[in-house]
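To start, the structure itself, in structure tokens.
Just so we're on the same page: letters track the sequence lines, and every chain starts at 1.
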Protein chains: 2
Amino acid sequence: MDCNCNAYHCPVDTTLNMIGGKYKALILWHLTDKTLRFGELRKLIPQATPKMLTQQLRELEENHLINRTVFPVVPPRVDYCLSDLGISIRPILEAIYTWGTDYLNQNGLEASCSMTFSS
Amino acid sequence: MDCNCNAYHCPVDTTLNMIGGKYKALILWHLTDKTLRFGELRKLIPQATPKMLTQQLRELEENHLINRTVFPVVPPRVDYCLSDLGISIRPILEAIYTWGTDYLNQNGLEASCSMTFSS
DNA sequence: CTTCTTAGTATCCTTTTGGGTACTATGTTA
DNA sequence: TAACATAGTACCCAAAAGGATACTAAGAAG
């Protein structure tokens, strides 16, 4: 229905829509420095059901933030890794992470979610 | 039910929850350099119904990103402005805005939403 | 022929988010 | 005494997001 080819787009909404999904930031973080298989991501993010994990991965792929590589073998093997676009978004994630950590610390809360940025 | 006082918190989720609401980034942006009344925000963000605008403003206030000042006059007058915390989050908004703008331009889309950051 | 493995799907459900329309309170102004 | 202005509320509804559980395909291994 909506092509939106000639519409105006809000850059902030665009960005937030791309990283705002339930497990998207976490997935991008885990893929920062390595390629992971679906099963490895499941173990790293056990709170996500397979349905949710698949859904989030597909959306990240549609937005070209990650690459999905299917190997035609049995049992199946599918690799996920960051695309160049995915790599380019990392500074934003780090800025968000740093602000959030400061905010939590200033409120006496423990900041942690297995999402620690190594610099 | 959930106090979460002793829980671990993900800094990225924390930050995204605070700025991820439908009109929150836009509200923060409009308040960047000035105090605005409710009615002024309505005119600046006409696509938000009064219910939604109120809701988003209340959540921003609960998160201490903005200050709400009620003047006991008739007709009512309520002022909104950024708190120090709200001011501190602006660099993140700018980073998100810049990345989103580049992304849209590289995809041949017009980036705009009356949310242009003056530097 | 049965079991194992992996990367998902299918189905159904609950919760959250967003939205439309109409209504309210109340002192001031005409 | 009736209309006006402002900052909302109330109520009801639709859509989107998230979640639980069970199931599937298909070759390889035993």
Self-check item: Distance in angstrom units between B:Gln56 CD and C:dT16 C1', rounded
Solution: 12 Å
Quiz item: 5'-most contact on DNA chain D: A:Gln55 or A:Pro76, nearest heavy atom basis?
Solution: A:Gln55
Quiz item: Using a heavy-atom cut-off of 4.0 Å to chain A, what are the terminal contacting nucleotides of DNA chain D, in 5' to 3' order?
Solution: D:dG18 to D:dA28
Quiz item: Partners of B:Arg77 by side-chain hydrogen bond (donor to acceptor under 3.5 Å, both in side chains), sequence neighbours excluded?
Solution: B:Asp79
Practice problem: Please list, chain by chain and in numerical order, all residues satisfying side chain to side chain contact (heavy atoms under 4.5 Å, CB included) with A:Ser83, sequence neighbours excluded. | Solution: A:Asn67, A:Leu85
Quiz item: Which ILVMFWY residues are connected to A:Val74, directly or by a chain of links, through side-chain heavy atoms under 4.5 Å apart?
Solution: none
Practice problem: Could you tell me whether a side-chain N or O of B:Thr35 sits under 3.5 Å from a main-chain N or O of B:Leu31, the two making a donor and an acceptor? | Solution: no
Quiz prompt | Pairwise distance NE2(B:His30) to CG(B:Leu82) - rounded to 0.5 angstrom | solution = 12.0 Å
Practice problem: May I ask you to decide if A:Ile27's main-chain N or O and A:Gln56's side chain share a donor-acceptor pair within less than 3.5 Å? | Solution: no
Practice problem: Provide, to the nearest angstrom, the distance between the CD1 atom belonging to B:Ile45 and the P atom belonging to C:dG19. | Solution: 12 Å
Quiz item: How bent is the helix from C:dC1-D:dG30 to C:dA30-D:dT1, comparing axes over its five end pairs at each side, to the nearest 10°?
Solution: 20°
Any N/O pairs under 3.5 Å between the protein and nucleotides 28-30 of chain C? List them or say none.
none

Please list, for nucleotides 8-12 of chain C, all pairs of protein and nucleotide N/O atoms separated by less than 3.5 Å.
unit_1	atom_1	unit_2	atom_2	d
C:dG8	OP1	A:Arg58	NH2	2.7
C:dG8	OP1	A:Arg68	NH2	2.6
C:dG8	OP2	A:Tyr80	OH	2.9
C:dT9	OP1	A:Arg58	NH1	2.9

Quiz prompt | Contacts of A:Tyr103 that satisfy ring pair (Phe, Tyr, Trp, His ring centres under 6.0 Å) - sequence neighbours left out | solution = A:Trp99
Practice problem: Say whether, by atom type as modelled, one donor and one acceptor occur between the side chain of A:Thr15 and the main chain of B:Ile96 under 3.5 angstrom. | Solution: yes
Practice problem: Check which hydrophobic residues are tied to A:Val73 through side-chain heavy-atom contacts below 4.5 Å, counting indirect links as well, and list them. | Solution: A:Phe71
Exercise. Return the set of residues passing side chain to side chain contact (heavy atoms under 4.5 Å, CB included) with A:Gln106 (not counting sequence neighbours), or none when no residue passes.
Key: A:Asp102
Self-check item: Residue pairs, two or more places apart or on separate chains, that pass salt bridge (charged side-chain N to carboxylate O under 4.0 Å, His left out) and touch residues 46-75 of chain A
Solution: A:Lys24-A:Glu59
Quiz item: What residues form a side chain to side chain contact (heavy atoms under 4.5 Å, CB included) with A:Arg42, not counting sequence neighbours?
Solution: A:Phe38, A:Pro50, A:Leu53
Exercise. Write down the distance between CE (B:Met52) and P (C:dT21), rounded to a whole number of angstrom.
Key: 16 Å
Practice problem: Using a heavy-atom cut-off of under 4.0 Å over every strand shown, decide if A:Tyr23 touches base, sugar-phosphate, or nothing. | Solution: sugar-phosphate
Quiz item: Can you tell me how far the CG atom of A:Leu93 sits from the CG atom of B:Leu16, to the nearest 0.5 Å?
Solution: 7.5 Å
Quiz item: Expressed in angstrom and rounded to an integer, what is the separation of A:Leu41 atom CG from C:dA7 atom P?
Solution: 10 Å
Exercise. For B:Ile27 and C:dG18, give me the distance from atom CD1 to atom P, rounded to whole Å.
Key: 11 Å
